[in-house]
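These notes concern the structure reproduced below.
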There are 2 protein chains.
Amino acid sequence: MNIGDVSQRTGLPAKTIRYYEEIDLVRPLRGENGYRRFREHDVHKLGFLGRARSLGFSIEDCRGLLALYEDDSRASADVRRIAKAHLERIDAKLARLGAMRATLAHLVEACAGDHRPDCPILADLALEEDSADI
Amino acid sequence: MNIGDVSQRTGLPAKTIRYYEEIDLVRPLRGENGYRRFREHDVHKLGFLGRARSLGFSIEDCRGLLALYEDDSRASADVRRIAKAHLERIDAKLARLGAMRATLAHLVEACAGDHRPDCPILADLALEEDSADI
DNA sequence: CATAAAGGTTTCCTTCACTGGAAGGTCAAG
DNA sequence: CTTGACCTTCCAGTGAAGGAAACCTTTATG
């Protein structure tokens, strides 16, 4: 299978697939013409990668998950540990993003949004400690 | 004021301040020794930048907000537009992240996390369309 | 007065996970 | 033969800095 077909089947851009080969996540064969030749195995691995990436796992996480996936004697605890650590990162990110959202929503609401220059959003960003407390 | 003092007062790393100078967000003077010399004005601006960045505004958003901040004849509607667009980006990110979290939490819960190799997390990532639907 | 530490300067390289483009080889159809 | 789709490699760039190297200036100490 050529890279175009694999791209279509996995939904990953060809560029990304070449990149994944470059960093040794996948090792397609090569045809006589120099084209990459992918086996089912490779396509399957790329699908796995795409799904793990779409869950936000880093490339290095993915490398670990793939290794575990291909290790029949793995302990599910190892996989769970990676996933839980990732879950905690997601939760931390959600908390930060939620706090941002709250502050920003509050400011946007407080801003008249008309032709006048008075703007609580800018006032807040310009805050000096002597004019503090919201 | 030297960069170290500014760094301490704003909480921004010196590296970041140099970077902000490089991309023309701030223009400190230079002393005879070549050191950057920051005025109160610059410190104020850097504080503004730090607060805007901590709300997740992109550098380019910050550039726009700074320009509006320094424009006495601005319309608050312009600021509000930038902030609302950012709020929408945050909401989109929150939605994506929340979906990720839900999927991942579900998988982590389903995984025994013991010495055995069976792992629903890997099983899900390895999904082929014929074994689909969770 | 000499020296050492602390803090400043520059430039270049690295990160993360791609993405885009240029220049060129290969293949199937008309 | 030509066109166009597909493939190849290589180079550069993204955002927002972080790190290291090599050097200069100021300040504190013996």
Side-chain angles (χ1 to χ4, degrees), chain A residues 1-39 42-43 45-66 86 89-90 93 96-97 100, chain B residues 1-39 42-43 45-46 48-66 85-86 89-90 93 96-97 100:
Chain A
M1 216 177 328
N2 283 345
I3 200 167
D5 311 298
V6 179
S7 169
Q8 213 150 12
R9 282 187 50 192
T10 61
L12 296 171
K15 276 265 181 190
T16 300
I17 298 173
R18 291 195 194 98
Y19 173 67
Y20 286 173
E21 182 194 26
E22 191 186 323
I23 61 173
D24 256 349
L25 279 177
V26 74
R27 282 177 231 269
L29 305 173
R30 292 290 178 142
E32 305 221 331
N33 51 12
Y35 287 16
R36 288 170 184 79
R37 212 149 46 70
F38 296 84
R39 291 149 293 182
D42 299 313
V43 178
K45 241 166 123 170
L46 286 165
F48 183 104
L49 282 169
R51 279 179 294 271
R53 290 288 301 133
S54 82
L55 281 177
F57 283 102
S58 73
I59 290 283
E60 287 317 305
D61 278 344
C62 288
R63 199 188 296 281
L65 289 170
L66 256 183
H86 184 48
R89 285 198 300 274
I90 289 182
K93 225 183 236 182
R96 260 187 300 125
L97 216 53
M100 268 188 214
Chain B
M1 218 176 330
N2 282 344
I3 200 167
D5 311 300
V6 179
S7 169
Q8 215 153 10
R9 281 187 50 193
T10 60
L12 296 171
K15 267 268 179 189
T16 300
I17 298 173
R18 293 198 192 95
Y19 174 65
Y20 287 173
E21 183 194 27
E22 190 187 323
I23 61 173
D24 256 349
L25 278 177
V26 73
R27 282 178 231 267
L29 306 172
R30 290 293 177 142
E32 304 217 335
N33 51 14
Y35 286 18
R36 289 168 183 83
R37 212 149 47 68
F38 295 85
R39 293 149 294 180
D42 299 313
V43 179
K45 240 166 122 171
L46 286 165
F48 184 104
L49 282 169
R51 280 178 293 272
R53 291 287 300 134
S54 82
L55 282 178
F57 283 101
S58 74
I59 290 284
E60 286 318 302
D61 279 345
C62 289
R63 200 188 297 281
L65 289 171
L66 258 183
H86 182 45
R89 284 197 302 273
I90 289 182
K93 222 184 239 184
R96 260 186 301 126
L97 215 53
M100 264 187 218

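Each chain gets a letter, A, B and so on, in the order its sequence line appears, and its residues count up from 1.
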| task | Could you work out which one of dT26(C), dC18(C), dG7(C) sits closest to the side chain of Tyr35(B)? | result |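 Within the option list, the nearest is dG7(C).
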| Counting side-chain heavy atoms from C-beta on, which of dA17(C), dC18(C), dT9(C) comes nearest to Tyr20(A)? |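 The listed nucleotide nearest to Tyr20(A)'s side chain is dC18(C).
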So, taking the atom named [atom1] in [X] and the one named [atom2] in [Y], what distance separates them when rounded to the nearest 0.5 Å?
X	Y	atom1	atom2	answer
Leu65(B)	Arg51(B)	CG	CZ	12.5 Å
Phe57(B)	Arg89(B)	CZ	CZ	8.0 Å
Leu46(B)	Leu12(B)	CG	CG	6.0 Å

Tell me: [atom1] of [X] to [atom2] of [N], nearest whole Å?
X	N	atom1	atom2	value
Tyr19(A)	dG20(C)	OH	C1'	15 Å
Leu49(A)	dA17(C)	CG	P	12 Å
Leu46(A)	dC18(C)	CG	C1'	15 Å
Ile3(A)	dT19(C)	CD1	C1'	14 Å
Lys15(A)	dC18(C)	NZ	P	13 Å
Arg18(A)	dG21(C)	CZ	P	14 Å

| said: Between Leu49(B) and Thr16(B), does the side chain to side chain contact (heavy atoms under 4.5 Å, CB included) criterion hold? Intermediate values first, please. | reply: CA-CA 11 Å; Leu49(B) 282 169; Thr16(B) 300; over 6 Å; no
| said: If you assign each of Glu60(A) and Arg37(B) to its closest nucleotide in DNA chain C, which residue comes earlier from the 5' end? | reply: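 Residue closer to the 5' terminus by nearest nucleotide: Arg37(B).
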| message | What is the first contacted nucleotide of DNA chain D and what is the last, in 5' to 3' order, if contact means an atom lying under 4.0 angstrom from a heavy atom of chain A? | response |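 Under 4.0 Å from chain A, the extent on DNA chain D is dC6(D) to dC10(D).
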| task | Using heavy atoms and a sub-4.0 Å distance, could you list which residues of residues 21-33 of chain A are near DNA chain D? By number, please. | result | Arg30(A)
| said: Does this structure show an ion pair linking Arg39(B) with Asp42(B), if we count only N-O contacts that are shorter than 4.0 Å? | reply: yes
| said: Assess whether a salt bridge exists between Glu60(B) and Arg63(B), defined as any Lys/Arg side-chain N lying under 4.0 Å from an Asp/Glu carboxylate O. | reply: yes
| message | Has Asn2(B) got a side-chain atom pairing as donor or acceptor with Gly4(B)'s backbone, closer than 3.5 angstrom? | response | no
| message | If the test is salt bridge (Lys or Arg N to Asp or Glu O under 4.0 Å), which one of Arg27(A), Lys15(A), Arg37(A), Arg36(A) qualifies with Glu21(A)? | response |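 Single salt bridge (Lys or Arg N to Asp or Glu O under 4.0 Å) partner of Glu21(A) among Arg27(A), Lys15(A), Arg37(A), Arg36(A): Arg36(A).
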| request: Give the C-alpha distance, both sets of side-chain angles, the deciding distance and a yes or no for side chain to side chain contact (heavy atoms under 4.5 Å, CB included) between Arg9(B) and Phe38(B). | output: CA-CA 12 Å; Arg9(B) 281 187 50 193; Phe38(B) 295 85; over 6 Å; no
